[in-house]
Number of protein chains: 2
Amino acid sequence: MSIHMRPSQALRLWQQAALDEAAAGRPDLSFRQAAILLTIYLDPPPHTVRGLAARLNVTKPVVTRALDTMGALNLVSRHRDPADRRNVLIRRTVEGSLYVESFGDRIVARAAELPL
Amino acid sequence: MSIHMRPSQALRLWQQAALDEAAAGRPDLSFRQAAILLTIYLDPPPHTVRGLAARLNVTKPVVTRALDTMGALNLVSRHRDPADRRNVLIRRTVEGSLYVESFGDRIVARAAELPL
DNA sequence: AAAAACGGATACGGTTCCGAAACATTCAAT
DNA sequence: ATTGAATGTTTCGGAACCGTATCCGTTTTT
């Protein structure tokens, strides 16, 4: 049972959620950053820079930089892979989990409010 | 009849849409920019810098700069208000309409694909 | 052991963005 | 006509981001 919505509802939902994010004074993530963050939190680990770059079809420095800023915000953390020390494994954090969770909750709430 | 979705579905939807945007090589809009763009296209005109800034709870330069970049992308256009020449009226463009429309369509498509 | 391949970070030049403050232009009030 | 307020833009120093290319450490291959 899939989710049905009309384009106007989808756009309104996106607007409301974006307004929430902007107004809440939260970090102003870009689409790319959001995609990286959500991929880390939704897709099964392990996550590497290379893997994320391939998944998003962007270059490695883009991922490195996104991890720099999100790491500074404590939304993700980096650790060397002990097995293959070339790899960097990206892991979730408590703060990142809270951020993602509340983000999801807000979307659900906004979706429920959508006008016909 | 409102839209029901679970947080996991909302997050997955957001991820898929963000991945689409990132992969499509489209301009990498931030939440704020997206909120401004969608407000221009969803809320009834006229739209002014001040009005948008108030709606988004951001400062005026933020709106001015967002309009600079979106204007360069031909997503919006600016015109002085003939009635009160202090005002700048922000208007939609053909390209912006296409962008917003296809964005909405993509969200709808992704929503329909969501797993249970 | 030497060379090639791999994963990630860094350097570079350039663009965009931020918040705060100052700015020009226009309108309204006196 | 002057003053004052309102609207939008610009400036400033500082930060983040882009893509391309290069570098560094590690692992694999020969």
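Nothing here was measured: the structure is a model prediction, and the numbers come from that model. Letters A, B, ... mirror the listed sequences (proteins, then strands); counts begin at 1.
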Could you go through the side chain to side chain donor-acceptor pair (under 3.5 Å) check for B:Q15 and B:R12 one step at a time?
CA-CA 5 Å; B:Q15 181 207 20; B:R12 185 61 75 177; 2.8 Å; yes
Interface residues of residues 14-22 of chain A with DNA chain D (non-hydrogen, below 4.0 angstrom)
none
In residues 41-54 of chain A, which ones come under 4.0 Å of DNA chain D, going by heavy atoms?
none
Check B:D105 with A:R6, please: is the shortest side-chain N to carboxylate O separation under 4.0 Å?
no
Charged N-O contact under 4.0 Å between A:R32 and B:E21
no
If the condition is side-chain contact (heavy atoms from CB on, under 4.5 Å), which residues does B:P46 pass it with, not counting sequence neighbours?
B:L89
Taking side-chain contact (heavy atoms from CB on, under 4.5 Å) as the test, write out the residues that go with A:T59, two or more places apart.
A:P61, A:V62
Between the side chains of B:S30 and A:D28, does any donor sit under 3.5 Å from an acceptor?
yes
At under 4.0 Å between heavy atoms, what does A:T69 touch on the DNA or RNA strands: base, sugar-phosphate, or nothing?
sugar-phosphate
Just how far, in rounded Å, is P of D:dC17 from CZ of A:F31?
16 Å
Within this structure, what is the CG-to-P distance between A:L73 and D:dA16, rounded to whole angstrom?
9 Å
Going 5' to 3' through nucleotides 24-30 of chain C and flagging B where a protein heavy-atom sits under 4.0 Å of the base, S where only the sugar-phosphate is that close, and - otherwise, we get --BS---
In the 5'-to-3' direction, what one-character label does each nucleotide of nucleotides 18-23 of chain D receive under the scheme B = base within less than 4.0 Å of a protein heavy atom, S = sugar-phosphate only, - = no such atom?
BBBB--
Of all residues at least two apart in sequence or in a different chain, which pass the side chain to side chain donor-acceptor pair (under 3.5 Å) check with [X]?
| X | value |
| --- | --- |
| B:R110 | B:D20, B:E113 |
| A:T93 | none |
| A:Y41 | none |

Does a side-chain N or O from [X] land closer than 4.0 Å to OP1 or OP2 of [N], or not?
| X | N | result |
| --- | --- | --- |
| B:N87 | D:dG8 | yes |
| B:T64 | D:dG8 | no |
| A:Q33 | D:dC17 | yes |

Residues that, via side-chain heavy atoms closer than 4.5 angstrom, fall in one hydrophobic cluster with B:L98
B:V94
Which atom pairs, donor and acceptor, lie under 3.5 Å between side-chain atoms of residues 72-80 of chain A and protein residues at least two apart or in another chain?
| from | atom 1 | to | atom 2 | distance (Å) |
| --- | --- | --- | --- | --- |
| A:S77 | OG | A:H79 | NE2 | 2.9 |
| A:R78 | NH2 | A:D68 | OD1 | 2.3 |
| A:H79 | NE2 | A:R91 | NH2 | 3.3 |
| A:R80 | NH1 | A:R85 | O | 3.0 |
| A:R80 | NH1 | A:R86 | O | 2.9 |

Difference in axis direction between the ends of the helix from C:dA1-D:dT30 to C:dT30-D:dA1, five pairs, 10°
10°
